[in-house]
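Structure, as structure tokens:
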Amino acid sequence: MREKKSRAPFGRVGLIVLAVATVIVAAASLAVGRFSIDIGLLASTLAHAPDAVFALVSGGDLTSEELVVFKMRLPRIIGALLVGGALGMAGAAFQGMFRNPMVSPDLLGASAGAGFGAACAMLAAAPVAVISGSAFVGGLIAVFLTYLISIAVGKGPSNVIVLVLAGVVIKAMFEALISVTKYVADPYSQLPGITFFLMGGLSSLTWSDIGMLCVPVLVCGIVLYGLRWRINILSLDDDESRALGVEAGRIRVVVIVCATLMTAVSVAVTGIIGWVGLVIPHFMRMLFGPDSRRLLPASFLGGAFYLVLMDNIARGLFPMEIPIGILTALIGAPVFVTLLIKYKGGWK
């Protein structure tokens, strides 16, 4: 394995620059879309934000610009920030815990389980809130089954290889179940909705979806950041971890629960958006190094920046908006291959 420099290219200043760039891209995104808004009019609309928010809550009249900015684009942008950040941080935590750059947040079957839960709710013609809740529960069930298999076969979270293999099995099983639901779904009224959900998208986000995202993403993100130095220790053997006073098995359970909750709630709200949790942590590790004290916040900010940027491309570059899950896969796959070729597996 190629030897790395001990110092990362970027430190705290890099994190500040990344945070500022994310804010700038998010603010500029308010002007992007089919209904274009020039900078002056956007600034004037934002200057009257308190009145617009009050009118939005009370059911009052809004101008066309206020309706577009505060009801349509702002929740979509905030959702992209939260989902991208959640997937990026969850991917960084999983990659550090499993000591493998090829790990992504859906490794333990969370995304596939959430997709199956949503598909079942759509078959039952359930309302949107039930569909999101079913997706969330499905993701948790998938990871719980993975954990049970790892306990039955190996030594629970201490046996990383068994846990990964169990995740692969559960993911394959739920993907097969998704295929079953698509096969039995009505091809005119149900199948299009299931297929579109599985592609991932931000177009239907509302303020209620943001409320559903905020608590689990922010709480789990804070917990993961609080465990940042313990996640560093997980790169050591379990015996070495115990010698340093850290019970690796328990820490892995907490990391798995937090990363799974972040992934499941993201899939429940936006559908399956792939490659963010794989490419972004890998890229941030090259910029900020493997230390979780910098890598976790960098992955959150990088994922947020990336998903907002992809959403702008999805809704502003093409005549017809394409699902963002397709776009992240089309861009993420070749970028990841390029990174692998450039660094030739030199990852720690």
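All heavy atoms count here, side chains included; hydrogens, waters and symmetry mates do not.
- Using a 4.5 Å heavy-atom cutoff, the side chains of I272 and M199 are not in contact.
- Side-chain atoms of T270 never come within 3.5 Å of backbone atoms of G200 as a donor-acceptor pair (strictly under, hydrogens ignored).
- Contact between G115 and V267 at its shortest, heavy atoms only, is N-CG1, 4.4 Å.
- Residues P75 and T206 form no side-chain contact, since every pair of their non-hydrogen atoms from C-beta on lies 4.5 Å or further apart.
- Contact between G88 and V276 at its shortest, heavy atoms only, is N-CG1, 4.4 Å.
- With rounding to the nearest 0.5 angstrom, the CD1 atom of I77 is 11.5 Å from the CE atom of M72.
- Without hydrogens or angle criteria, R294 side chain to G289 main chain gives no donor-acceptor distance under 3.5 Å.
- In the hydrophobic clustering of this structure, Y225 does not group with L227; members are Ile, Leu, Val, Met, Phe, Trp, Tyr whose side-chain heavy atoms approach within less than 4.5 Å, directly or through other members.
- With sequence neighbours excluded, no residue satisfies ring-ring contact (aromatic ring centres under 6.0 Å, His included) with F305.
- A donor-acceptor pair is defined here as one N or O able to donate and one able to accept, closer than 3.5 Å; no such pair exists between the side chain of S44 and the backbone of L41.
- Within 6.0 Å of atom CG in D38, more than 12 heavy atoms from other residues, nucleotides or ligands are found, so the atom counts as buried in its surroundings.
- Proximity of T45 to V68: side-chain heavy atoms (C-beta onward) are nowhere separated by under 4.5 Å.
- Of all non-hydrogen atoms in V83 and S266, the two that sit nearest each other are CG1-CB, 3.9 Å.
- Surrounding CE of M173 are more than 12 heavy atoms belonging to other residues, nucleotides or ligands, all under 6.0 Å away.
- Here the side chain of T260 pairs no donor or acceptor atom with the backbone of V257 at under 3.5 angstrom.
- Under a 3.5 Å cut-off, the side chain of W207 and the backbone N or O of F70 do form a donor-acceptor pair.
- Rounding to the nearest 0.5 angstrom, the gap separating the OG atom in S104 from the CH2 atom in W275 is 9.0 Å.
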Inset, instruction - Could you please spell out the steps behind the side chain to side chain contact (heavy atoms under 4.5 Å, CB included) verdict for E65 and F35? - result: CA-CA 9 Å; E65 290 81 11; F35 185 85; 4.2 Å; yes
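- Annotation: the span from L177 atom CG to C120 atom SG amounts to 7.5 Å, rounded to 0.5 Å.
- In terms of heavy-atom proximity, A27 sits nearest to L42 at O-CD2, 4.2 Å.
- Residue A80 comes nearest to L307 through the heavy atom pair O-CD2, 3.5 Å, listed as atom of the first residue, atom of the second, then distance.
- Between the CZ atom of R228 and the CZ atom of R230 there is a distance of 9.5 Å, given to the nearest 0.5 Å.
- Nearest heavy-atom pair, V25 versus L309, reported as atom, atom and distance to 0.1 Å: CG1-N, 4.4 Å.
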Inset, instruction - Would you sort out whether S132 and M212 count as a side chain to side chain contact (heavy atoms under 4.5 Å, CB included), showing the intermediate values? - result: CA-CA 9 Å; S132 298; M212 180 180 176; 4.0 Å; yes
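- Contact check for R285 versus Q95: side-chain heavy atoms found under the 4.5 Å cut-off.
- Applying the side chain to side chain donor-acceptor pair (under 3.5 Å) test to D51 and every residue at least two apart in sequence or in another chain returns nothing.
- Residues passing the ring-ring contact (aromatic ring centres under 6.0 Å, His included) test with F197: none are found, sequence neighbours excluded.
- Sparse packing is recorded around CZ of R293, with 12 or fewer heavy atoms of other residues, nucleotides or ligands lying under 6.0 Å away.
- Side-chain contact between V265 and L213 is present, with heavy atoms from C-beta onward closer than 4.5 Å.
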Inset, instruction - Kindly determine whether L108 and Y147 satisfy side chain to side chain contact (heavy atoms under 4.5 Å, CB included), including the steps that lead there. - result: CA-CA 9 Å; L108 304 183; Y147 184 71; over 6 Å; no
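- Placement of V335 and L317 within a single hydrophobic cluster is found when ILVMFWY residues are connected by side-chain heavy-atom separations under 4.5 Å, directly or transitively.
- Residues I210 and L30 are members of one and the same hydrophobic cluster, defined by side-chain heavy-atom contacts under 4.5 angstrom among Ile, Leu, Val, Met, Phe, Trp and Tyr.
- Here the CG-CD1 distance, from L163 to I149, works out to 10.0 Å after rounding to the nearest 0.5 Å.
- Take R73 and apply the salt bridge (Lys or Arg N to Asp or Glu O under 4.0 Å) test, not counting sequence neighbours, and it matches no residue.
- Put simply, the side chain of F136 reaches to within 4.5 Å of the side chain of L261, judged on heavy atoms.
- Hydrophobic clustering (ILVMFWY, side-chain heavy atoms < 4.5 Å, transitive): L123 and Y183 are in one cluster.
- Atom CG of L202 is separated from atom CG of D311 by 4.5 Å, given to the nearest 0.5 angstrom.
- Under the 3.5 Å distance criterion, the side-chain polar atoms of D186 are matched with a main-chain donor or acceptor of S189.
- The backbone N or O of V269 lies less than 3.5 Å from no partner atom in the side chain of D209, so there is not a single donor-acceptor pair.
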Inset, instruction - Could you walk me through whether M284 and L301 pass side chain to side chain contact (heavy atoms under 4.5 Å, CB included), step by step? - result: CA-CA 10 Å; M284 290 298 112; L301 292 171; over 6 Å; no
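- Residues satisfying the salt bridge (Lys or Arg N to Asp or Glu O under 4.0 Å) test with E66, not counting sequence neighbours, are none.
- Side-chain contact between S29 and R315: present, with at least one pair of heavy atoms (C-beta onward) separated by less than 4.5 Å.
- At a threshold of 4.5 Å between non-hydrogen side-chain atoms, the residues M122 and Q190 do not count as touching.
- Within 6.0 Å of atom CZ in F283, 12 or fewer heavy atoms from other residues, nucleotides or ligands are found, so the atom counts as exposed in its surroundings.
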Can you give the donor-acceptor pairs under 3.5 Å from side chains of residues 319-330 to other protein atoms, not counting sequence neighbours?
| from | atom 1 | to | atom 2 | distance (Å) |
| --- | --- | --- | --- | --- |
| E321 | OE2 | R76 | NH2 | 2.4 |
| T328 | OG1 | G274 | O | 3.1 |
| T328 | OG1 | I324 | O | 3.2 |
| T328 | OG1 | G325 | O | 3.0 |

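- A continuous path of hydrophobic side-chain contacts links L205 to L218 [ILVMFWY only; heavy atoms under 4.5 Å].
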